[in-house]
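Have a look at the structure below before the remarks.
Chain naming here is simple, since letters A, B, ... match the order of the sequence lines and numbering starts at 1 in each. What's counted below: heavy atoms across the whole structure, side chains too, no hydrogens, waters or symmetry copies.
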Amino acid sequence: MHIPDGFLDPKTWGALTAASAGTTGYALYKVREKMDEKIIPMLGITAAFIFAAQMLNFPVAGGTSGHFLGAMLACVLLGAWPGFLVMVVVLVVQCLFFADGGLTALGANVFNMAVVAGLLSYFLMVLARKTLSRPLGDKSSLLVTTAFFSWLSVVLASAACSFELAISGTVPLSTVLPAMVGVHSVIGIGEAVITTVVVAVVLQARPDLVDAYRGAGVLPVPAGGEEAA
Amino acid sequence: MDGLRKKLFSRKSLGLWIFLGVALAVTVGLAVFVSPWASSSPDGLEKVAEEKGFSGAAEDAEPAWSGSPVPDYAVRGVENERVATGLSGLIGVAVTVAAAVGLGLLAFVLNRIHTRKKAGGETREQPIET
């Protein structure tokens with residue numbers, strides 16, 4: 001759902017560019033103590049995997065295709081803020097190198113696919129896991145919540161996209177919202193399957209590389225609350 | 001960054017390198033050999049734009065940035081479409097790895113400068129290795 005140039009009016013893309021730039025700056029500040037010999041290469045491989053997987057459009061009903069988004073995968077593997085930054089990297093590369101998503105819409109695309117589908121959805125997932133209070137190290141509950149919230153992440157992002165189009169006066173909300181949420185609730189199933197399979201594989205191979213597993217039940221956002229080690 | 005380098009190339013990190021190597025092989029495989037066979041149907045947003053009649057808004061708009069070296073995931077000058085797409089995937093993987101690792105190293109270096117300043121003791125300039 002990369003928004004091209006021309007779909008958003010200047011006030012909308014301007015505000016979203018500011019919001020996304022601010023969030024990116026804050027994320028860089030938040031991750032600084034987390035950078036170690038494990039996570040730096042993981043940033044690279046996660047970004048590359050998401051880029052590659054996003055190229056693989058799969059057909060959904062009615063002559064439409066969908067593709068993997070990856071924001072929840074990035075956050076589950078790396079934690080909220082590093083995951084967010086990985087999505088920013090992917091979206092910036094897609095925009096500047098591959099003309100995928102407009103430059104004026106880059107802030108909006110970061111907002112939808114990294115803030116809403118990443119930070120917000122992952123925050124909701126961590127909140128849910130806290131509420132369910134599953135014991136640390138419960139892999140199956142991690143996979144179940146990963147599946148549901150990665151589905152939700154795509155739906156929420158498509159809803160955010162609809163609101164932006166409506167605020168820009170491009171299309172009425174009552175027209176675009178049901179259509180976008182409808183098709184993306186199908187695409188979200190693909191998202192859930194891919195995210196869950198990849199997380200399951202990494203959990204099997206290297207559970208220490210899954211941030212949501214190591215820090216199970218720990219809110220990702222409180223100031224200084226993250227495990228530095 | 002010496003500590004980082006030592007840790008990265010220690011015996012203990014061998015498992016990590018194997019994991020990264022396998023993951024990279026899978027990633028390159030998807031980007032180069034699978035992506036040419038991906039569906040070319042419009043995606044969710046494009047389809048909704050067509051059906052609800054606002055796709056023209058993007059077609060009429062001047063692209064704000066036209067310097068993309070590989071527009072639309074096809075390397076220019078390569079006649080075979082599948083090869084052009086596969087090559088663009090390889091370029092994309094290389095660029096994203098470099099950008100993400102670069103960003104991580106930047107945060108690492110900034111943090112080191114920051115903590116050293118906070119410690120206050122060391123005033124002498126140390127070259128920052130990259």
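Ranking A/T175, A/V88, A/D208 against chain B, the residue ahead of the rest is A/T175, based on heavy-atom pairs under 4.5 Å. Ranked by non-hydrogen atom pairs under 4.5 Å with chain B, the options A/S162, A/A99, A/S158 are led by A/A99. In terms of heavy-atom pairs under 4.5 angstrom with chain B, the leader among A/L96, A/V201, A/L103 is A/L96. Top candidate by heavy-atom pairs under 4.5 Å with chain B, chosen from A/I50, A/V176, A/I45, is A/I45. Annotation: maximal heavy-atom pairing with chain A below 4.5 Å, among B/L106, B/L103, B/T85, B/L110, occurs at B/L103.
Closest approach of A/F98 and B/G92 over heavy atoms only: CZ-CA, 3.5 Å. When all heavy atoms of B/G104 and A/L43 are compared, the pair lying nearest together is CA-CD1, 3.6 Å. Scanning both residues, A/G44 and B/V97, for their nearest heavy atoms gives O-CG2, 3.7 Å. Taking every heavy atom of both residues into account, A/D5 and B/A64 meet most closely at OD2-N, 2.8 Å. Taking every heavy atom of both residues into account, A/M55 and B/S88 meet most closely at CE-OG, 3.7 Å. Between A/M180 and B/V48 the shortest heavy-atom distance is SD-CG2, 3.9 Å.
The aromatic rings of A/F51 and B/Y73 sit tilted relative to each other, their planes meeting at an angle between 30° and 60°.
Residue B/E62 touches chain A through its backbone alone, counting heavy-atom pairs closer than 4.5 Å. Contacts between B/S40 and chain A at a heavy-atom distance below 4.5 Å are absent for every atom of the residue. Interface remark: B/A94 contributes no atoms to any contact with chain A (heavy atom separation under 4.5 Å). With a 4.5 Å cut-off on non-hydrogen atoms, A/I39 does not touch chain B at all. At a 4.5 Å heavy-atom cutoff, the contact between A/P4 and chain B is made by side-chain atoms alone. For B/L20, the parts lying near chain A are the backbone and the side chain together; criterion is any non-hydrogen pair under 4.5 Å. Heavy atoms closer than 4.5 Å to chain A are found in the side chain of B/F19, but not in its backbone.
The line from NZ of B/K47 to OG of A/S65 is 10.0 Å long, rounded to the nearest 0.5 Å. Between the CZ atom in A/F7 and the OG atom in B/S55 there is a gap of 6.5 Å [rounded to 0.5 Å]. The distance from atom CD1 of A/I40 to atom NZ of B/K7, rounded to the nearest 0.5 Å, is 10.5 Å. Atom NZ of residue B/K52 and atom OG1 of residue A/T170 lie 15.0 Å apart, to the nearest 0.5 angstrom. One finds the NE2 atom of A/H67 at 5.5 Å from the CG atom of B/D43 (value rounded to the nearest 0.5 Å). Expressed to the nearest 0.5 Å, how far CG of B/L8 lies from CG of A/D36 amounts to 9.0 Å.
Side-chain atoms of A/F49 and B/T96, non-hydrogen and from C-beta on, never get closer than 4.5 Å to each other. Between A/R32 and B/T115, every side-chain heavy-atom pair lies at or beyond the 4.5 Å cut-off. B/S35 places a side-chain heavy atom less than 4.5 Å from the side chain of A/L56. Counting heavy atoms from C-beta on, the side chains of A/P59 and B/S39 come closer than 4.5 Å.
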